Amino acid sequence: MSNTAPKKLYIKTWGCQMNVYDSRRMADILRPLGYAETDTPEGADMVILNTCHIREKATDKVFSEIGRLEKHKRAKEKSGGKMVMAVAGCVAQAEGDVILNRAKSVDMVFGPQTYHQLPEMMIRATGERVVNTDFPAENKFDSLPTEQNQGSAAFLSIQEGCDKFCTFCVVPYTRGAEYSRDVIAILDEARRLVDQGAKEITLLGQNVNAFHGNAPDGSIWRLGRLMSEMAGIHGLSRLRYMTSHPLDMDEELMAAHRDVPEIMPYLHLPLQAGSDKILKAMNRKHTADDYRRIIDRVRFYRPDISLSSDFIVGFPGETDSDFDDTMNMVAEIGYGSAYSFKYSARPGTPAANMQGLVPEKIKDERLARLQDLIGTKQLEINRRTVGLTLPVLFERPGLRPGQIQGKTPYNQTINVPAPARLIGQIEAVHITEAFTNSVAGDIQVSEFMTKSA
Ligand code: SAH
Ligand code: SF4
Ligand code: F3S
């Protein structure tokens with residue numbers, strides 16, 4: 001056994017849940033090499049910036065973070081140590097060479113599909129600057145160590161990459177081709193997470209419902225089948241999944257929302273835009289009507305399901321009337337939550353060369369109007385849950401002292417006055433108040449408890 005103090009590892013993460021998952025797995029890989037995670041870069045022996053390339057501000061933030069870290073790196077060198085600075089994730093994949101040229105302080109650049117090779121890269125980095133942005137033939141999931149405890153609400157990556165090539169999106173280039181993990185590996189990981197205390201598992205993928213994994217019976221399982229099987233894991237109370245693509249909402253998955261009580265009544269199904277012309281230019285491969293039909297079908301199986309979406313405003317060629325189509329869809333569908341973004345041209349994507357750029361000022365106006373409407377709808381939908389008693393999984397301390405925070409089945413954030421010892425538990429909560437982005441309530445004391453108290 002080594003008697004040296006652990007080396008300090010600082011990881012900063014941007015982007016989607018897949019990146020959050022990857023960051024945890026990087027920490028899992030480096031732990032046996034003597035690295036323990038800290039939450040400040042000061043005095044760190046290794047810093048990893050796990051980056052996102054989805055919109056342009058993300059890249060700018062990475063470069064300013066590198067600038068800020070340089071002083072820590074110099075301080076470390078002055079005291080005779082070394083701080084290895086690594087840039088990982090989707091910016092690293094897309095712009096590895098640019099980063100190495102522009103930021104001399106960066107020692108290592110690696111993409112989302114090569115981080116399982118970190119131990120070899122660490123050795124190489126002692127003598128040279130390392131770039132590793134290949135798409136290796138071997139599967140990174142096969143060589144990752146056992147994952148660290150994630151607590152009561154855990155994440156599990158089951159699918160990666162994308163073959164859909166929406167014209168605005170970098171994901172097919174940064175994450176590579178669509179790939180599904182084997183069912184056995186997923187079930188094993190899920191059981192370990194539950195053994196470590198997970199009550200809820202969120203299955204992750206850039207297009208999670210495109211999942212088609214090899215099953216032990218020699219067939220291919222889709223997401224609905226996989227979740228039905230996972231629901232049988234003793235101690236697992238809740239299943240979620242994200243992000244889904246409308247084209248991959250198959251009947252089996254929709255029916256699972258009716259038949260499998262562990263699957264939470266929540267679906268994140270990005271629409272992006274309400275106009276058929278824009279959907280076509282985005283290469284989403286469906287119309288607004290197709291989307292309506294899918295939602296009708298989902299609601300047929302699970303009438304109370306809470307829906308969520310992503311929207312892009314100001315895609316090239318978007319007129320006022322196209323934008324009105326988006327607004328009308330938001331009003332019509334009624335989302336319990338939704339994320340909206342201004343279109344940002346990404347280098348190397350087809351939309352970056354399209355005509356009809358929408359001026360920034362108009363994008364700002366449209367975004368403000370859309371967010372306003374989304375907020376109004378959210379509040380309306382949150383209000384409908386007032387008076388209900390819902391099971392809440394508490395995950396962390398709440399907004400105010402004396403409160404704890406959790407999620408309802410509908411994925412609403414809820415703050416409740418309750419002791420911290422209930423964090424990690426599922427409790428019945430009576431919803432008393434609704435806000436735009438959360439609800440509030442009180443823990444329900446059962447009749448039996450009241451009588452015997
Ligand atoms: N696979 C998911 C989305 C993954 S990216 C899907 O197909 O729906 C997450 C979100 O970022 C997208 O839904 C989109 O709304 C937004 N986004 C992606 N590229 C963007 C760009 N170039 N400009 C603005 N928003 C973008
Ligand atoms: Fe990007 Fe489209 Fe793939 Fe989603 S489906 S990750 S938006 S290319
Ligand atoms: Fe960003 Fe890469 Fe995720 S671009 S959104 S971190 S897949």
Side-chain angles (χ1 to χ4, degrees), residues 12-23 26 49-59 61-62 87-95 110-113 115 133 155 157 159-179 204-211 241-249 267-274 278-279 281-286 291 294 307-316 318 326 330 335 337-354 357-358 360 363 366-367 370-371 374:
K12 185 166 169 119
T13 311
W14 290 267
C16 60
Q17 287 300 334
M18 309 280 300
N19 253 18
V20 175
Y21 178 88
D22 289 344
S23 289
M26 290 178 206
L49 303 180
N50 195 11
T51 62
C52 170
H53 202 228
I54 205 87
R55 289 169 289 274
E56 75 220 319
K57 275 194 195 124
T59 317
K61 280 184 205 152
V62 174
V87 180
C90 292
V91 177
Q93 187 64 45
E95 303 196 34
F110 54 92
Q113 305 308 351
Y115 67 80
T133 49
F155 292 94
S157 261
Q159 180 280 339
E160 252 205 279
C162 183
D163 294 338
K164 292 216 164 44
F165 291 93
C166 302
T167 53
F168 53 82
C169 182
V170 290
V171 170
Y173 312 96
T174 61
R175 293 266 168 178
E178 199 183 289
Y179 163 82
L204 300 176
Q206 263 88 24
N207 270 306
V208 73
N209 60 340
F211 176 81
Y241 60 98
M242 64 179 191
T243 295
S244 297
H245 192 289
L247 287 187
D248 294 314
M249 280 316 291
L267 173 64
H268 184 67
L269 196 67
L271 171 62
Q272 311 298 359
I278 297 297
L279 284 170
M282 286 176 163
N283 193 31
R284 293 292 287 181
K285 301 190 184 85
H286 65 78
Y291 186 88
I294 295 162
L307 297 164
S308 165
S309 178
D310 294 342
F311 292 99
I312 297 179
V313 301
F315 187 81
E318 187 188 70
T326 301
V330 171
Y335 292 101
S337 67
Y339 306 88
S340 44
F341 313 100
K342 285 192 285 179
Y343 169 71
S344 139
R346 310 312 293 132
T349 59
N353 302 319
M354 285 182 187
L357 294 190
V358 176
E360 221 37 45
K363 281 193 213 168
R366 288 182 186 165
L367 186 70
L370 178 60
Q371 291 187 337
I374 288 171

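Quick caveat, the model's predicted, so the values are computed rather than measured. Read the numbers this way: they start at 1 and go in the same order the structure lists the ligands and their atoms.
Remark: the backbone N or O of A88 is paired with a side-chain donor or acceptor of T51 at under 3.5 angstrom. The backbone N or O of L271 sits less than 3.5 Å from a side-chain atom of S309, completing a donor-acceptor pair. Not a single donor-acceptor pair under 3.5 Å links the side chain of N19 to the backbone N or O of T13. In terms of modelled atom types and a separation under 3.5 Å, the side chain of D163 and the main chain of A177 share no donor-acceptor contact. Looking at Q206, its side chain never comes within 3.5 Å of a backbone N or O of Q159 through a donor-acceptor pair. Without hydrogens or angle criteria, D248 side chain to N209 main chain gives no donor-acceptor distance under 3.5 Å. Judged purely by atom type and a 3.5 angstrom limit, T167 uses its side chain to pair as donor or acceptor with the backbone of A281.
Partner of R175 under the side-chain contact (heavy atoms from CB on, under 4.5 Å) criterion, out of Q113, Q93, H53: Q113 alone. Across D310, L370, I54, a single residue satisfies side-chain contact (heavy atoms from CB on, under 4.5 Å) together with F341, and that is D310. Here the options are Y339, Y335, Y343, the test is ring pair (Phe, Tyr, Trp, His ring centres under 6.0 Å), and the partner is F311; only Y335 passes.
We find the CG-CD1 distance between L367 and I312 to be 11.5 Å, quoted to the nearest 0.5 Å. Taken from CE in M249 to NE2 in H286, the straight-line distance is 12.0 Å, to the nearest 0.5 Å. For the atom pair OG1 of T326 and CG of L279, the computed distance is 8.0 Å after rounding to the nearest 0.5 Å. Taking CG of N207 as the reference point, atom OG of S244 lies at 8.0 Å (rounded to 0.5 Å). Rounding to the nearest 0.5 Å gives a distance of 4.5 Å between SG of C166 and CZ of R284. In this structure, M242 CE and S308 OG are separated by 9.5 Å, a value rounded to the nearest 0.5 Å.
The shortest contact between atom 3 (Fe) of ligand 3 and any protein heavy atom is with C16 SG, 2.3 Å. For atom 6 (S) of ligand 3, the nearest non-hydrogen atom of the protein is N19 ND2, 3.3 Å. The protein atom (non-hydrogen) at minimum distance from atom 19 (N) of ligand 1 is F168 CD1, 3.3 Å. At the shortest separation from atom 5 (S) of ligand 1 among protein heavy atoms lies I54 CD1, 3.6 Å. Nearest protein heavy-atom contact of atom 5 (S) of ligand 2 is N207 ND2, 3.4 Å. For atom 23 (N) of ligand 1, the nearest non-hydrogen atom of the protein is S344 N, 3.0 Å. If you check which protein heavy atom lies closest to atom 16 (C) of ligand 1, you get R55 NH1, 3.3 Å.
The heavy atom nearest to atom 7 (O) of ligand 1, considering only Q206, M282, K342, R284, is found in R284. Taking each of K164, Q206, R175, R284 in turn, the one with a heavy atom nearest to atom 7 (S) of ligand 2 proves to be R284. When C166, P270, G205, C16 are ranked by how near their heavy atoms come to atom 8 (S) of ligand 2, first place goes to C166.
Near C169, meaning under 4.0 Å from any of its heavy atoms, are these atoms of ligand 2: 1 (Fe), 6 (S), 7 (S), 8 (S). Interface atoms of ligand 2 facing P172, defined by a heavy-atom separation under 4.0 Å, are 8 (S). Ligand-side atoms of ligand 3 in range of Q206: 7 (S), range being under 4.0 angstrom from any heavy atom. Near C52, meaning under 4.0 Å from one of its heavy atoms, ligand 3 places the atoms 1 (Fe), 4 (S), 5 (S), 6 (S). Of all atoms in ligand 1, numbered sequentially from 1 with element shown, those under 4.0 Å from a heavy atom of F341 are 11 (O), 15 (O), 16 (C), 25 (N). For ligand 2, the atoms sitting less than 4.0 Å from at least one non-hydrogen atom of C162 are 3 (Fe), 5 (S), 6 (S), 8 (S), numbered in the order shown with element in parentheses. Against a heavy-atom cut-off of under 4.0 Å, H245 is close to the following atoms of ligand 2: 5 (S). Contact atoms of ligand 1 toward H245: 7 (O) (distance under 4.0 Å to a heavy atom of the residue). Per-residue contacts place F168 under 4.0 angstrom from the following atoms of ligand 2 (heavy atoms of the residue considered): 7 (S). Interface of C90 with ligand 3, defined as ligand atoms under 4.0 Å from a residue heavy atom, comprises 2 (Fe), 4 (S), 6 (S), 7 (S). Per-residue contacts place P270 under 4.0 angstrom from the following atoms of ligand 1 (heavy atoms of the residue considered): 8 (O). In summary, the atoms of ligand 1 found under 4.0 Å from a heavy atom of T243, numbered by their order in the structure, are 2 (C).
For the pair I312 and ligand 1, the shortest N or O to N or O distance does not fall below 3.5 Å. Taking only nitrogen or oxygen atoms, main chain and side chain alike, D310 reaches within less than 3.5 Å of ligand 1. Considering backbone and side-chain N/O of Q272, one or more are found under 3.5 Å from N/O of ligand 1. Between R346 and ligand 1, not a single N/O pair is under 3.5 Å apart.
Neither the backbone nor the side chain of M18 has a heavy atom within less than 4.0 Å of ligand 3. Under 4.0 angstrom from ligand 1, there are no non-hydrogen atoms of H53. By the criterion of a heavy-atom distance under 4.0 Å, neither the backbone nor the side chain of T243 is placed next to ligand 2.
The closest approach between K164 and ligand 1 stays at or above 4.0 Å for every heavy atom of the residue. Not a single heavy atom of V171 sits less than 4.0 Å from an atom of ligand 1.
A salt bridge does not link K363 to E318: none of the charged nitrogens lies less than 4.0 Å from a carboxylate oxygen.
Put simply, H53 stays out of reach of atom 1 (Fe) of ligand 3, with no N, O or S atom under 2.8 Å from it.
Between I294 and P246, the shortest heavy-atom contact is CD1-O, 3.4 Å.
Distances from atom 21 (C) of ligand 1 to the protein include at least one heavy-atom value under 4.0 Å.
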| field | Audit row: F165, Y173, ring-ring contact (aromatic ring centres under 6.0 Å, His included) steps and yes/no | value | CA-CA 9 Å; F165 291 93; Y173 312 96; 5.6 Å; yes
